[in-house]
2 protein chains.
Amino acid sequence: MTGFDAEAILRALRSALPADKGRIGLHEPCFAGNEWTYVKDCLDTGWVSSVGSYVDRFERELAEFTGAKRAVAVVNGTAALHVSLLLAGVRPGDEVIIPSLTFVATANAVAYCGAVPHFADSDEATLGLDPDKLAEHLSAIAEIRGGDCVNRRTGRPIRAVVPMHTFGHPVDLDPLVELCNRWNLVLVEDAAESLGSLYKGRHTGTFSRLAALSFNGNKVLTTGGGGAILTNDDGLGKMAKHLTTTAKVPHRWEFFHDATGYNYRLPNINAALGCAQLEQLPRFLKQKRDLAARYREAFREVQGVRFICEPSFAASNYWLNALLLDPPFVSARDDILEMTDKNGIMTRPAWTPMHRLPMYRNCPHMDLSGAEDLGLRLINIPSSAALGGGHD
Amino acid sequence: MTGFDAEAILRALRSALPADKGRIGLHEPCFAGNEWTYVKDCLDTGWVSSVGSYVDRFERELAEFTGAKRAVAVVNGTAALHVSLLLAGVRPGDEVIIPSLTFVATANAVAYCGAVPHFADSDEATLGLDPDKLAEHLSAIAEIRGGDCVNRRTGRPIRAVVPMHTFGHPVDLDPLVELCNRWNLVLVEDAAESLGSLYKGRHTGTFSRLAALSFNGNKVLTTGGGGAILTNDDGLGKMAKHLTTTAKVPHRWEFFHDATGYNYRLPNINAALGCAQLEQLPRFLKQKRDLAARYREAFREVQGVRFICEPSFAASNYWLNALLLDPPFVSARDDILEMTDKNGIMTRPAWTPMHRLPMYRNCPHMDLSGAEDLGLRLINIPSSAALGGGHD
């Protein structure tokens, strides 16, 4: 490890992080607003579950914040992605293009539809789907047959492309939109990590037919567990609500369901948390940008490692800050994780790429050297909004 | 409607229900215990989501209360049933025997496994699966081939039997256990409605390999949305936890998943509600028995209708109280629903039987005249614990 000073990483982290914070987690929620008031309102009125006004309000305010026509609150990001794929027309036996470097939910949601993930490579510039490599790959393996994009190697239709905005950094959407148009593929954004992130001034999750958000405990905004489907299509929004609420046909008292639906609705008590969190989201985002700016500064002179900044076309929410080790220093990763952990600063590596997991090992894929490489070089560092200071 | 006095039903309801209650709902939750304290604890500590002590505590206390060896808390009853069926070995192309008279989640959970619901008839004595008719049906259509119970008509293996304890009244489990043994079928109890209900002194949900509970807003105990898997098999309990938490292999920092898992874990904030509710459950159950006793008394002399009492072998939780119209008065049902509603007392009919829903219309089934008949004659009446009095 010549020329690499692991202690310099620890010093840089310490200089960017507030002093006297005790053990610093990777991403902790902040409940400094009306969480208490709104949750108490649910308990006092008895509206904690499937009926109650916070779900409607949370959906309305999410749509306003993102600029999507419709937001449908659901039980988590995985559920949001599952139903988005169903409504995008994904059927058993289809293939769906997703990045191999993603959280396992992206691949699982494809599997829930009875479809097969088709893994694409990731780009160091965005950490997400590499549009150029995908274009090249499709030219090599796909053809249009009767309106469908078909994988010539497997004979299966490729139905959709699901870019994921890794750690909140938007992928380059314009070329992906163009690619989907050319190949008759449906674009579905996995925006689980990118609430508050903009691509060319517009909110991520509004460039595709449907998109999924997540409000898990470690996200920019949390509802305990929760997620949402975004869409600009009123009809799809209505169907998303219907499918996520057991496909019950509205009736004064009859229980009639017209499709195999899902019990995916967000409970009102979790939506109440979401409403309170959404009020603080602009502040969270500002705090997170402040923290990212401090990291950028602190790591400017550190050898062998680069702090990941937002792509030039984007304003990121900086959900999870990340360092990228220079290729010669990959082998130092576990030592760094160990050392920071010992010193009370929580860090973690990226996910194992999906094509390395036993259940997805035999799925179709392109060359994945970018994802393999990034998977070994990335290190996430503490990113809670409260670490950005300026609050309370 | 000769001999039938709809007004007598209204009078009986009024005599059993507390006066001056305003509009009376079908089933409303009661948060009179430590709900507030425990939820505030979650907010104060920041543990609202996937990590936190209330999930462990809720699971431990559920296991203690029910006598099951292991309880695994999940996001709702549908998820509990889905994973119970997967762990019971239900595979795509299998058939699963369920009552046609049930909430749609029972059938949907079978469909999520890629399996086919096979509808069985219900018994007026329990409102649940009729063991005698099922025995006769299996003798007529099934045979054992290579250890599997196979439906000779469809050629598909029949893998499991899922009785549902309707409105909290236990089905007759002993003959079903025997039937499953004889035909090599796995018994999975849909105990979504029967938390607190005993069959021959033992808690429902502990007679089968796996069982599903629900804590939806309208249930005896609520967590906003939630459910649990019960099992007496340690290995299955461990697998249920693994599969419902994205099948992540425990590791200090690596993200490695060894199966297509689910994001079904119950958030800690919802488990906190559950812990507080569980403390009050014995009181809720007592209140509900008191209310049922008052209904029984009030309807003793009403012509054309019968109040549903617990089966002789059971102690029911009386989750949802129900009236059964005598066959000649079936056509009066909608008028009764209308009239009670107009008078501020919420009532509702039973579910449309599953074989009448478009997506399950072509599924295999036996003679379903019992389910059809009950589906038209049942009326649920207000059942909140607080209506039983003696609280606060």
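All chains are named by letter (A, B, ...) in the order of the sequence lines, taking the proteins before the strands, and each is independently numbered beginning at 1.
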Polar side chain donor-acceptor pair, [X] to [Y], under 3.5 angstrom:
X	Y	result
N76(A)	Y264(B)	no
H355(A)	S100(A)	yes
N108(B)	H82(B)	no
N263(B)	T78(A)	yes

Heavy-atom pairs under 4.5 Å with chain A are the metric here; pick the option from [options] that has the most.
options	value
L273(B), V39(B), D44(B), L337(B)	L337(B)
E35(B), R252(B), M346(B), M354(B)	R252(B)
A111(B), P267(B), A247(B), G224(B)	G224(B)

In terms of heavy-atom proximity below 4.5 Å to chain B, should [X] be classed as side chain, backbone, both, or neither?
X	answer
F215(A)	neither
A350(A)	backbone
T260(A)	both

Q. Under 6.0 Å between ring centres, would you say that holds for Y112(B) and Y262(A)?
A.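 Yes: the rings meet the under 6.0 Å criterion.
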
Q. Are the charged groups of D341(B) and R23(B) less than 4.0 angstrom apart, N to O?
A.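 Salt bridge between D341(B) and R23(B), a charged N being under 4.0 Å from a carboxylate O: yes.
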
Q. Got a salt bridge between E254(B) and R348(A), using NZ or NE/NH1/NH2 to carboxylate O under 4.0 Å?
A.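 No.
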
Identify which part of [X] has an atom lying under 4.5 Å from any heavy atom of chain A, answering side chain, backbone, both or neither.
X	answer
F255(B)	both
A79(B)	neither
P29(B)	side chain

Quick one: which of [options] has the most heavy-atom pairs under 4.5 Å with chain B, could you say?
options	answer
L357(A), T246(A), I269(A), V75(A)	L357(A)
G225(A), G261(A), P92(A)	G261(A)
Y360(A), W253(A), F256(A), W351(A)	W253(A)

Q: Using side chain to side chain donor-acceptor pair (under 3.5 Å) as the criterion, list what pairs up with T106(B), not counting sequence neighbours.
A: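 Once residues adjacent in sequence are excluded, the partners of T106(B) under the side chain to side chain donor-acceptor pair (under 3.5 Å) criterion are T102(B), D190(B).
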
